[in-house]
Amino acid sequence: CWPAHEAALVTCTDARALCMPPCAACWVAVHCRYGMGQILVKQEKYGEALAHFELGAKINPASSVLRCCCGLALHKMGRLEDAARHLKAS
């Protein structure tokens with residue numbers, strides 16, 4: 001994530017739900033978590049990627065993209081039942 005967005009990650013990753021209406025910091029945090037997860041998947045660091053995807057999904061629980069990413073990371077980790085649950089929900 002870009003260093004300029006670090007404050008957004010701190011502000012919006014403290015287990016609270018996405019602001020309604022969503023604030024800019026929440027959207028930045030979700031996009032940073034998605035992007036970091038994608039980078040880690042390409043590096044085959046699936047556990048670390050999952051942590052980013054899950055945090056993004058915690059900020060924005062309505063994101064089917066993040067749920068799908070969680071499912072794919074879990075699948076790569078061999079956690080097939082957990083993966084199926086996430087993929088069905090996405």
Side-chain angles (χ1 to χ4, degrees):
C1 188
W2 298 312
H5 293 154
E6 196 62 36
L9 292 174
V10 171
T11 301
C12 292
T13 57
D14 60 1
R16 66 188 172 100
L18 185 69
C19 301
M20 289 300 157
C23 70
C26 283
W27 286 118
V28 168
V30 169
H31 288 283
C32 284
R33 294 300 174 177
Y34 171 79
M36 284 301 300
Q38 290 297 324
I39 290 167
L40 291 163
V41 164
K42 290 182 187 292
Q43 295 173 349
E44 298 182 4
K45 297 179 180 178
Y46 304 116
E48 292 177 51
L50 177 62
H52 283 279
F53 295 143
E54 286 178 333
L55 198 46
K58 187 182 259 188
I59 299 166
N60 184 4
S63 174
S64 57
V65 171
L66 286 166
R67 283 192 304 246
C68 184
C69 289
C70 287
L72 293 174
L74 287 162
H75 184 267
K76 290 288 193 177
M77 295 167 64
R79 294 173 49 188
L80 302 181
E81 289 180 22
D82 292 332
R85 193 174 63 252
H86 277 276
L87 292 170
K88 287 178 184 175
S90 63

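Note on Val65: it does not cluster hydrophobically with Leu87, by side-chain heavy-atom contacts below 4.5 Å among ILVMFWY residues.
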Output a table of donor-acceptor pairs, distance under 3.5 Å, between side-chain atoms of residues 39-47 and any protein atom two or more places apart or on a different chain; print 'none' if there are none.
none

What pairs of donor and acceptor atoms, side-chain ones from residues 68-86 against any protein atom, are under 3.5 angstrom apart with sequence neighbours left out?
from: Arg79; atom 1: NE; to: Asp82; atom 2: OD2; distance (Å): 3.1
from: Arg79; atom 1: NH2; to: Asp82; atom 2: OD2; distance (Å): 3.1
from: Asp82; atom 1: OD1; to: Arg85; atom 2: NH1; distance (Å): 3.1
from: Asp82; atom 1: OD1; to: Arg85; atom 2: NH2; distance (Å): 3.3

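Interatomic distance, His52 NE2 to Leu66 CG, rounded to the nearest 0.5 Å: 12.0 Å.
The two atoms that bring Tyr34 and Phe53 nearest to each other are O-CE2, 3.6 Å, heavy atoms only. Between Gly37 and Ala49, the shortest heavy-atom contact is O-CB, 3.4 Å.
Distance alone, capped at 3.5 Å, is enough to place a donor-acceptor pair between the Arg67 side chain and the Pro61 backbone.
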